[in-house]
Engineer: 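A single structure is presented below for examination.
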There are 2 protein chains.
Amino acid sequence: MTKLAKSEPAAPEPAANGPEVGADPAFARPEPATIRDVARSANLSIASVSRALNGHANVHPETRAHIVAVAAKLGYVPNAAARSLSTARTNAIGVVLPDFHGEFFSELMRGMDRSASVHGYQLLMSNTHADKSMASQAIAAMLGRVDGLVVMAPQFAAAELLRTLPAHLPMVLANTSEGTGHHTIRIDNRLGATSAVTHLLALGCKSLVHIAGPADNIDGHERCEGFLAAMAAQAPGLPVRVCQGDFQDGCGDRIVRELLDEGYAFDAIFAANDMMALGALHALRAADIDVPGQVCVVGFDDIPLARYLSLTTLHVDVAGVGSRAIERLIAEFAGGAAPATVEAIMPELIVRNSTRA
Amino acid sequence: MTKLAKSEPAAPEPAANGPEVGADPAFARPEPATIRDVARSANLSIASVSRALNGHANVHPETRAHIVAVAAKLGYVPNAAARSLSTARTNAIGVVLPDFHGEFFSELMRGMDRSASVHGYQLLMSNTHADKSMASQAIAAMLGRVDGLVVMAPQFAAAELLRTLPAHLPMVLANTSEGTGHHTIRIDNRLGATSAVTHLLALGCKSLVHIAGPADNIDGHERCEGFLAAMAAQAPGLPVRVCQGDFQDGCGDRIVRELLDEGYAFDAIFAANDMMALGALHALRAADIDVPGQVCVVGFDDIPLARYLSLTTLHVDVAGVGSRAIERLIAEFAGGAAPATVEAIMPELIVRNSTRA
DNA sequence: CCTGTGGCCGTAACCGGTTACATAGGCGGC
DNA sequence: GCCGCCTATGTAACCGGTTACGGCCACAGG
């Protein structure tokens with residue numbers, strides 16, 4: 001800590017030299033002005049400065065104007081850490097995600113930022129990487145730095161993660177398995193899968209193939225369950241086949257190739273996400289199979305690419321999930337602890353040329 | 001502030017009831033344990049606790065072990081705000097971006113997170129939205145909360161933004177016009193454009209069209225300049241045509257349609273980004289024009305979609321830009337103010353089927 | 001003229017950490 | 001046996017804000 005000489009009474013305008021942008025590499029960066037600097041320079045107490053700048057009632061209009069002017073001249077900006085410490089509020093929300101990848105991540109962030117900035121909150125990111133100890137360390141580092149947490153943990157092993165989370169903080173979960181005892185915002189994957197099946201059956205398809213997501217992913221799991229349940233309910237006699245995928249496009253391609261090589265007869269593919277569906281489309285096109293003439297294809301997610309390649313899919317409002325999670329959390333700040341809530345976002349079937357001529 | 005009664009001497013283990021996860025909605029959340037709680041419970045001073053937990057030398061091994069055990073039992077996690085206040089370090093970096101959109105954003109974040117987490121830093125996001133006043137307010141709110149800033153401002157109007165940025169903080173710019181007097185990490189757009197032109201000319205193309213980015217975007221601007229300069233240098237006599245775009249796929253589609261309707265003769269398209277190039281591909285395919293037989297197409301960015309649709313493009317290591325920006329900033333923390341530096345990331349030409357049979 | 005009231009402002013305690021300095025033993029050298 | 005040093009620990013100041021409380025003054029009512 002810089003031990004500054006407090007001896008001089010009424011210091012002569014410590015840092016009054018304005019914005020001063022030109023960086024002279026030889027000099028250290030200027031110390032930012034503190035509330036004490038403002039108080040001294042305005043010949044008032046720090047209490048008055050604090051009150052004036054925070055818009056409290058008990059301060060004379062003239063005094064306030066003077067303080068505001070002095071603060072502006074010194075370029076004073078209150079120190080967020082100090083403020084957080086004394087008010088026990090940070091106006092920041094911690095976001096804990098499994099990885100920062102692709103369109104899904106950016107959409108989620110966009111939605112969160114939208115709601116957060118409206119309410120004056122900032123977003124502090126954290127990644128639950130592979131390394132578990134680092135993850136919980138990072139989350140611990142958020143204590144005192146955020147007012148609450150939004151946690152996304154689409155792996156099955158999420159329960160373990162949840163146990164390491166601080167109990168003091170309000171918290172909202174996104175895309176996590178249910179029954180965690182916390183507020184949760186989720187995508188209604190089962191209903192989405194049901195819509196896909198209904199659509200394909202209505203088109204007259206008789207042999208459906210499902211390309212599933214990775215085994216440890218809860219969204220993929222629920223989509224598969226939804227698919228099987230819908231088939232059992234709506235077309236008990238029809239053949240079903242489930243192939244294990246990994247959410248990557250290359251895998252959709254490979255699986256379709258294998259089915260064709262094998263000679264398996266099918267006229268519809270429902271993939272657990274768009275990337276795999278696009279891979280499937282690619283393989284079908286390469287094999288000269290007409291889509292949707294001979295095989296219909298449905299994806300899940302509605303990534304931008306899907307619109308572009310005219311893939312029928314289930315549109316998921318990912319930004320909406322992010323936005324709702326933040327809204328829910330902020331409501332929690334205002335209202336105090338409330339019984340856990342589960343909110344489901346409905347996917348919407350978007351019919352495009354992969355199931356329609 | 002909760003005014004807690006400090007009367008009782010040697011309080012009986014204030015919050016010793018462990019992790020206590022089960023949420024009883026009727027009860028308020030438990031107060032997190034402080035360093036004083038640990039000290040009291042361990043019958044030691046807070047100084048010793050602090051020293052023990054921070055790995056300082058002058059503390060007896062037995063004492064340290066005892067303190068660590070007590071801290072674990074109480075679930076003690078140091079309050080980040082308090083620590084920042086007294087150490088003047090936050091271990092957090094502010095990230096200021098124009099918007100949270102698409103693959104570019106997520107890749108950038110991924111790169112930043114990679115480097116940041118390696119060095120134990122967290123990322124605090126901020127969006128420079130449309131609303132300028134809100135932006136500078138959000139950035140001001142970062143003071144005392146971050147050790148430095150990474151700012152991306154690909155608009156020309158960036159200079160104004162830069163003036164509102166706090167002068168006290170170390171800072172690295174990404175994709176900003178040069179000559180700002182700050183450390184900068186940028187993409188070498190001109191060199192990328194030059195590679196594209198060289199490639200197309202080597203293929204024997206004689207009439208090139210450039211679909212440019214939005215007027216106020218510095219990347220788009222530099223790519224266009226690079227294109228024109230390369231054409232002037234390598235093929236002075238050949239016709240060039242520049243069409244104003246907006247980085248969206250729909251626009252690439254529209255522009256190609258217009259060129260065809262007009263009857264303009266061209267055999268190569270260089271688009272300022274992949275989305276527009278894909279739009280162009282779409283229009284060409286719709287018009288039954290063979291790619292690359294009749295027209296070659298080159299994009300810029302190498303988004304995942306480009307690989308998938310086999311578009312020749314300039315690969316940009318966006319994650320690398322983010323990663324380098326963070327590394328540079330952390331170096332700045334360690335080394336103190338240094339003369340401004342500009343680091344350029346080279347795009348790499350990836351040849352695919354849109355320029356090769 | 002005295003007192004009550006309310007507006008405006010200053011003093012100081014507090015948030016939860018870190019750390020300079022003081023202090024208390026233990027021990028070796030003379 | 002005394003002095004000095006080293007190690008382990010405690011005391012208290014400090015980081016930069018917020019805010020409870022009390023003081024001072026002007027003014028109105030009795």
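In the text below, chain A, chain B and the rest are named by the order of the sequence lines, each starting its count at 1.
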Engineer: Under 4.0 Å, heavy atoms only, any strand: does B/Ser48 hit a base, just the sugar-phosphate, or nothing?
Structural biologist: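 Sugar-phosphate, no base atom in range.
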Engineer: Could you walk me through whether A/Glu343 and A/Arg324 pass the salt bridge (charged side-chain N to carboxylate O under 4.0 Å, His left out) test, one step at a time?
Structural biologist: CA-CA 9 Å; A/Glu343 191 171 327; A/Arg324 289 297 308 144; 2.4 Å; yes
Engineer: Using the closest heavy atom to pick a nucleotide of DNA chain C for each, name whichever of B/His56 or B/Ala81 lands nearer the 5' end.
Structural biologist: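 Taking each residue's closest nucleotide, the earlier one in sequence belongs to B/Ala81.
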Engineer: Is there a donor-acceptor pair closer than 3.5 Å between any side-chain N or O of B/Ser45 and the backbone N or O of B/Ser48?
Structural biologist: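 Confirmed, B/Ser45 side chain pairs with B/Ser48 backbone.
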Engineer: Please assess A/Asp37 against A/Arg40 for the test salt bridge (charged side-chain N to carboxylate O under 4.0 Å, His left out), listing each intermediate value before the final yes or no.
Structural biologist: CA-CA 5 Å; A/Asp37 296 330; A/Arg40 206 171 335 168; 3.3 Å; yes
Engineer: Round to a whole Å and report the spacing from CG of A/Asn54 to P of D/dT19.
Structural biologist: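 So the two atoms are 7 Å apart, to the nearest Å.
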Engineer: Main chain of B/Ile93, side chain of B/Asp147: is a donor-acceptor contact present, judged purely on distance under 3.5 Å?
Structural biologist: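 It does not hold such a pair.
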Engineer: Enumerate the residue pairs fulfilling salt bridge (charged side-chain N to carboxylate O under 4.0 Å, His left out) with a member in residues 46-67 of chain A, sequence neighbours excluded, ordered by first and then second residue.
Structural biologist: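 Listed once each, the pairs would be none.
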Engineer: Using whole Å, what does the distance between atom P of nucleotide D/dA8 and atom NE2 of B/His60 come to?
Structural biologist: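 Rounded to whole Å, this separation is 7 Å.
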Engineer: Rounded to the nearest Å, what distance is computed from the CD atom of residue B/Glu31 to the P atom of nucleotide C/dG16?
Structural biologist: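 Going from CD in B/Glu31 over to P in C/dG16 covers 8 Å.
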Engineer: Please work out if B/Thr63 contacts a base, only the sugar-phosphate, or nothing of the nucleic acid, heavy-atom cut-off 4.0 Å.
Structural biologist: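 Touches sugar-phosphate only.
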Engineer: Round to the nearest Å and state the distance from A/Tyr76 atom OH to D/dG16 atom C1'.
Structural biologist: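 The answer, rounded to whole Å, is 7 Å.
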Engineer: Report yes if at least one side-chain N or O of B/Ser86 is closer than 4.0 Å to OP1 or OP2 of D/dC15; otherwise report no.
Structural biologist: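 So the side chain of B/Ser86 is outside the cut-off, no N or O lying under 4.0 Å from OP1 or OP2 of D/dC15.
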Engineer: Please classify the nucleic acid contact of A/Ile46 as base, sugar-phosphate, or nothing, using heavy-atom distances under 4.0 Å.
Structural biologist: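 Base contact.
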Engineer: For the side chain of A/Leu85, starting at C-beta, report the closest nucleotide among C/dC15, C/dG10, C/dT18.
Structural biologist: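 Nearest nucleotide to the side chain: C/dC15.
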Engineer: Look up atom OH in B/Tyr76 and atom CZ in B/Arg36, then write down how far apart they are to the nearest 0.5 Å.
Structural biologist: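 Answer for the OH-CZ pair, B/Tyr76 versus B/Arg36, is 9.5 Å.
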Engineer: Side chains of A/Ser115 and A/Ser323: any donor to acceptor distance under 3.5 Å?
Structural biologist: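 A pair is found: one side chain offers a donor N or O, the other an acceptor, under 3.5 Å apart.
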Engineer: Check every strand shown and say whether A/Asn79 touches a base, only sugar-phosphate, or nothing at a heavy-atom separation below 4.0 Å.
Structural biologist: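 Sugar-phosphate, backbone atoms only, no base.
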Engineer: For nucleotides 23-28 of chain D, give me one character per nucleotide, 5' to 3': B if any protein heavy atom sits under 4.0 Å from the base, S if the only such contacts are to the sugar-phosphate, - if neither.
Structural biologist: ------
Engineer: Is B/Asn58 near enough to D/dT9 that one of its side-chain N or O atoms lies under 4.0 angstrom from OP1 or OP2?
Structural biologist: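 So the side chain of B/Asn58 is outside the cut-off, no N or O lying under 4.0 Å from OP1 or OP2 of D/dT9.
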Engineer: Can you find a donor-acceptor pair, distance only, under 3.5 Å between A/Arg36 side chain and D/dG17 base?
Structural biologist: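 By the distance-only test, yes, there is a pair.
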Engineer: Report the residue (B/Ala82 or B/Arg51) whose heavy-atom-nearest nucleotide on DNA chain D is the more 5′ of the two.
Structural biologist: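 Looking at DNA chain D, the more 5' nearest nucleotide goes with B/Arg51.
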Engineer: Quickly work out the B/Leu143 CG to D/dG17 P distance and round it to whole Å.
Structural biologist: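 Distance, rounded to whole Å: 9 Å.
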Engineer: Which atom names give the shortest non-hydrogen contact between B/Thr184 and B/Thr176, and what distance separates them?
Structural biologist: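 Minimum heavy-atom contact is CG2-O, 4.3 Å.
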Engineer: Hey, does the side chain of A/Ser45 come within less than 4.0 Å of C/dG10's phosphate (OP1/OP2), counting only N and O?
Structural biologist: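 Answer yes for this pair, as a side-chain N or O of A/Ser45 is under 4.0 Å from OP1 or OP2.
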Engineer: Could you tell me how far apart A/Ile35 (CD1) and C/dC15 (P) are, to the nearest whole angstrom?
Structural biologist: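 In whole Å, C/dC15 P lies 19 Å from A/Ile35 CD1.
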Engineer: Tell me what A/Ser50 touches on the nucleic acid: a base, only sugar-phosphate, or nothing, going by heavy atoms under 4.0 Å.
Structural biologist: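 Base, at least one base heavy atom under 4.0 Å.
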Engineer: Please state how far atom CG in A/Leu44 lies from atom P in C/dC9, giving the value in whole angstrom units.
Structural biologist: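 Answer to the nearest Å: 7 Å.
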Engineer: Roughly how many Å is it from NE2 in B/His66 to P in D/dA8, rounded to a whole number?
Structural biologist: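 Answer to the nearest Å: 17 Å.
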Engineer: Among D/dG10, D/dG17, C/dC9, which nucleotide sits nearest the side chain of B/Ala47?
Structural biologist: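 Closest nucleotide among those given: D/dG10.
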